[in-house]
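To start, the structure itself, in structure tokens.
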Amino acid sequence: MVLHINGVKQEVTTDADVELLSVLRNELELTGTKYGCGEGACGACTVLVNGRPTRSCITPVSAVSGKEIITIEGLAKNGKLHPVQQSFLAADPFQCSYCASGMIMSAVALLNSNPAPTETAIVNAMNGNICRCGTYPNIVNAIKLASKP
Amino acid sequence: MEDPNKLPHPYEPFAGELPEQAAVQSVIDRRKFFKLFGGGLAVAFVLHDLFSFADEGGVSMPPSVPASQVAAWIHIGEDGKVNVYTGKVEVGQNIRTSLSQIVAEELKVPIASITMIMGDTDLVPFDAGTFGSRTTPQMGTQLRKAAATAREVIVDMAAKSWNSEIKSLRAEDGFVLNTATGKKLGFGEITKGQQLLLPISDQAQVTAAKDWKVAGKTVLKVNGESFLTGKHQYVSDMKLPGMLYGKVLRAPSYNARLVSVDTKSAKAIAGVTVVHEGDFVGVAATDPVTARKALQAIDAKWQENHEQPSTATVFDYLVKTSQPGGGRNAPNSKGNIRDGLLAADFTQDRTYHINYIAHVPLEPRAALARWVDGKLTVWTGTQRPFGVQDDLAGVFNVAKEKVRVIMPDTGSGYGGKHSGEAAIEAARISRVAGKPVKLVWTREEEFTWAYFRPGGVIKVESGLKADGTITAWKFQNYNSGGAGLSTQYNIANHEIVHFPSDSPLKQGSYRGLASTANVFARESHMTDMARQVKMDQLAFRLKNLDDVRLKAVLELAAKRFGWGNTTKTTGQGFGLACGYEKGGYVATCAEVYVNNDKEVKVVRVTQAFECGAIVNPLHLENQVMGSIVQGLGGALFEAIDFKEGKILNPDLTGYRVPRFSDMPKIEIVTIDRKDLPSAGAGEAAILGIAPAIRNAILDATGVALTNLPLVPTGSLA
Ligand code: FES
Ligand code: FES
């Protein structure tokens, strides 16, 4: 099976029903995408599939073959951080940062479809992502910083 | 061939592994020290007399420094780079940043020149662990002194080499400036060719907080970018050449006995190793999918114990199995309770129930273990690297020096990662498999096999005069624990006691420990008493309080909240609570709205917090925020549900934690007491939120809730 990940075609050998998260982390060594629950409930494993935020822990790899997958490793271009990463760097919202990859991927998806989201739109789009360190209001600020004025 | 000792994914910011003989935590030997760290200047906390032995370089008895006497080392290399060695660990409190600030401030070097080497038992001095809000007051203080000592010595050396007076010299930005001549020398140039190992001097002049330039300011997370790009390697992300993925066979319930196990089909799978030692059965395979299959292929028969308490019976059980407390939980009494109750115009008797809750660190327990020539190295996320080193040495019956525990910055702990279960399991499997083994717990394992904040029962009996004077306070805590047990209010007669019980669930440390429970009961009861005498909640507390720091946060929170300024509309309610723990003082005001369907919404929270001189305002506010949000979960809906030794909600669908949509409007105000030593901020800030919400619900509806969580279903029954 061939996966399109971060602009690169990658051959993977795993069974079709194995979850994308496991393939990313263990086969392709893209460990920026995290495991938090394995049940689609925390968002730590969020990646973009054809631009849509997707929980890779409950997505069989067969469902994404041929689709455009972006992980946290694919955001920075030529050593330059993605604008959303830059905003998060400036706002410094996190504590342990384990939720960071999933938060940033969900935020990128939101801002791609809605460059100037209201606070309600932010909360709705981000509600599937858990930050157990409780930094939610700071994350909302970071997303506001990244949105068009 | 690949060097088996080379780590292909070096965890930042410390990229190299040092030689295996680097075990210097118990013996400070000057030659060894500089062989490891290169020349330059090092400052360690050692006793002077022991230290003088160290200079003999092994001629006399090697100076064994008592572990408790060594807390931190600072080394300034010939290249001007500063390495700070501490046994404290980073789980999201941002101490990597705040401790760097403290060192930069006292040493007068740029933050960027500092590398913190944390929680690596081979490289850092012994430390009991990262808990109890001790990093800032204890480690911070120690590092300030160490850095100031180093700075003074460097300035002294510069003075000698220039033959000039110390008072015309100034340390700044990693250089010593001669203000008389305009000459300038880098710290590295000054210490070049030297091998100086100095004890921390108690006389070293530390900078007063009011004069801080780097500490006391917001500095962004020092290694922040590595987390935002996915580059940081948590233990669960690490990989070694030839590494296998481990899994452990779990019992179906607590206290189940393994009757028989058939591992033949698992062993038959290519590349699978099965480890069976006593009741422990683990597997390892070259990839996690195969490891999972191997585990499923094991046929195990268990004898379960169905006679175990459940959520429905646990509170009675805790009271029934309680024992008189001892030590620091021994009964604390003053006056005579009976007299106090007789003198009262009003009495009140209530029982509060506190459910077990889980820490739910977003990164579950993980460990990567490797045995090379009888030496075990384990990377694991633990708040007690040296404790886990001890555990491993004990389990595998090897000398402590043969065990190295390394803790990269970890996906949080909140007091929930004091133990080393995953480390022991990974090491056990690795020893048999003969290869490095990584073991990452599933969310279900984390919920089931870690430990919980204790559940408990708290009985409070009080007496009160019509003028608001408290005459009696009887406080009996069953199993919740001793932290925050005593009361901050002036009460002539009290009797306060903690009874440990036989907990059916594994229990342990938590953010703020038992004070989450004790302060909830106390502050709930305080508001109930205020209502008995028709006094305002704030006025009632102020009347019975002397502690000026607590009063200050209470008054500040109330002022910012606009306490007493608004007239209530239907469904609206206001509550407040206050408390202190480990040098942190907190007061919280909450506004709730309860609609006609009795659904409870927390609308607004204002919290004032004070913990001495602030080291990093942004990160302090972040800790306070995190405490409020985590506290909100325990206040409203978090509870472990269990029956006959099984956790019934071991997942994030069944166990609800706060999300974006649960956020009230949160306002945080901090008081910067530059005249007071800095204290930790990760714990006390959690205390006020639950009772403040509870008291607001009471204010809105007249319903005096006595259970934590308050509204597990979202509405009042
Ligand atoms: S790990 Fe995928 S949603 Fe939690
Ligand atoms: S910062 Fe720790 S989970 Fe979000």
Side-chain angles (χ1 to χ4, degrees), chain A residues 14-15 18-19 22-23 25-27 29-42 44 71-76 81-82 84-86 88-102 104 122-140, chain B residues 9 90-94 218 220-221 224-234 236-239 245 287-289 359-364 409-414 440 442-444 618-619 621-623 625-633 651-653 657-663 665-666:
Chain A
T14 343
D15 298 349
V18 169
E19 65 280 6
S22 176
V23 176
R25 290 180 52 79
N26 304 311
E27 195 166 336
E29 298 193 12
L30 293 169
T31 53
T33 308
K34 303 301 180 201
Y35 166 88
C37 69
E39 47 171 327
C42 78
T71 71
I72 187 76
E73 290 90 348
L75 285 187
L81 293 184
H82 185 281
V84 174
Q85 286 171 312
Q86 282 171 19
F88 274 78
L89 191 63
D92 198 13
F94 296 119
Q95 290 177 23
C96 79
S97 308
Y98 193 77
C99 66
S101 303
I104 291 173
I122 295 174
V123 167
N124 288 341
M126 302 297 295
N127 214 33
N129 287 74
I130 289 172
C131 173
R132 184 55 168 162
C133 297
T135 70
Y136 299 118
N138 305 334
I139 295 170
V140 171
Chain B
H9 291 293
E90 177 65 66
V91 279
Q93 339 81 302
N94 281 323
T218 287
L220 301 181
K221 198 176 180 76
E225 190 172 322
S226 66
F227 295 99
L228 306 179
T229 52
K231 283 207 182 71
H232 173 73
Q233 296 270 300
Y234 295 90
S236 44
D237 302 329
M238 296 173 104
K239 201 170 186 177
Y245 294 80
D287 65 275
V289 178
H359 308 79
V360 201
L362 203 58
E363 182 190 26
D409 294 10
T410 287
S412 80
Y414 324 115
V440 181
T442 62
R443 178 55 56 197
E444 180 174 351
L618 179 75
H619 289 166
E621 217 171 278
N622 200 336
Q623 276 302 312
M625 176 71 78
S627 295
I628 295 172
V629 173
Q630 192 155 46
L632 191 79
D651 49 48
L652 286 170
T653 322
V657 301
R659 291 180 181 268
F660 280 93
S661 56
D662 295 312
M663 291 306 101
K665 194 172 165 300
I666 299 173

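So that the names make sense, note that chain A is the first sequence line, chain B the second, and so on, each numbered from 1.
Only the side chain of B/P364 comes within contact range of chain A, with at least one heavy atom under 4.5 Å from a heavy atom of that chain. Only the side chain of A/I104 comes within contact range of chain B, with at least one heavy atom under 4.5 Å from a heavy atom of that chain. With a 4.5 Å cut-off on non-hydrogen atoms, A/V123 touches chain B through its backbone and its side chain both. With a 4.5 Å cut-off on non-hydrogen atoms, B/H619 touches chain A through its side chain but not through its backbone. Of the two parts of B/M663, only the side chain, counted from C-beta on, holds a non-hydrogen atom closer than 4.5 Å to a non-hydrogen atom of chain A. Looking at B/T410, only its backbone comes within 4.5 Å of chain A, counting heavy atoms on both sides. Contacts between A/E19 and chain B at a heavy-atom distance below 4.5 Å involve the side chain alone, from C-beta outward. Proximity to chain B (any heavy atom under 4.5 Å) is shown, for A/N124, by neither the backbone nor the side chain. For A/N26, the parts lying under 4.5 angstrom from a heavy atom of chain B are both the backbone and the side chain.
Nearest heavy-atom pair across B/L652 and A/C37 is CD1-CB, 3.6 Å. When every heavy atom of B/N622 is checked against every heavy atom of A/P93, the shortest pair comes out as ND2-O, 2.9 Å. Heavy-atom minimum distance, A/A41 versus B/T653: CB-OG1, 4.3 Å. A pairwise comparison of heavy atoms in A/A90 and B/L220 identifies O-CD2, 3.9 Å as the closest pair. Nearest approach of B/G224 to A/L89, heavy atoms of both residues: C-CD1, 4.3 Å. Contact between A/S22 and B/V289 at its shortest, heavy atoms only, is OG-CG2, 4.0 Å.
Comparing B/E225, B/K665, B/E621 by heavy-atom pairs within less than 4.5 Å of chain A, the highest count is held by B/E225. Of the listed residues (A/T33, A/T14, A/D15, A/L81), the greatest number of heavy-atom pairs within a distance under 4.5 Å of chain B belongs to A/L81. Of the listed residues (B/I666, B/L632, B/D651), the greatest number of heavy-atom pairs within a distance under 4.5 Å of chain A belongs to B/D651. Interface summary for chain B: among A/G32, A/G134, A/G40, the most heavy-atom pairs under 4.5 angstrom belong to A/G134. Taking chain A as the reference chain and counting heavy-atom pairs below 4.5 Å, the highest number among B/L228, B/V629, B/V440 is found for B/L228.
The shortest distance between side-chain heavy atoms of B/E363 and A/C96 does not fall below 4.5 Å. Counting heavy atoms from C-beta outward, B/D662 and A/Y136 have side chains that stay 4.5 Å or more apart. No side-chain heavy atom of B/D287 sits under 4.5 Å from any side-chain heavy atom of A/E27. Considering only heavy atoms from C-beta on, A/S97 comes within 4.5 Å of B/K221 through its side chain. Using a 4.5 Å heavy-atom cutoff, the side chains of A/K34 and B/S236 are not in contact.
The distance from the CZ atom of B/F660 to the CD1 atom of A/I122 is 9.0 Å, given to the nearest 0.5 Å. Here the CZ-CD1 distance, from B/F227 to A/I72, works out to 12.5 Å after rounding to the nearest 0.5 Å. The structure places CG of B/L362 at 9.5 Å from CG of A/N129, a figure rounded to the nearest 0.5 Å.
In this structure a side-chain-to-backbone donor-acceptor pair under 3.5 Å is missing from B/R659 to A/I130.
Between A/E39 and B/R443 there is no salt bridge, since none of the side-chain N atoms of the basic residue sits less than 4.0 Å from a carboxylate O of the acidic one.
Under the side-chain hydrogen bond (donor to acceptor under 3.5 Å, both in side chains) criterion, B/Q623 pairs with A/Q95, B/R511, sequence neighbours left out.
Between A/Y98 and B/Y234, the distance from one ring center to the other falls under 6.0 angstrom.
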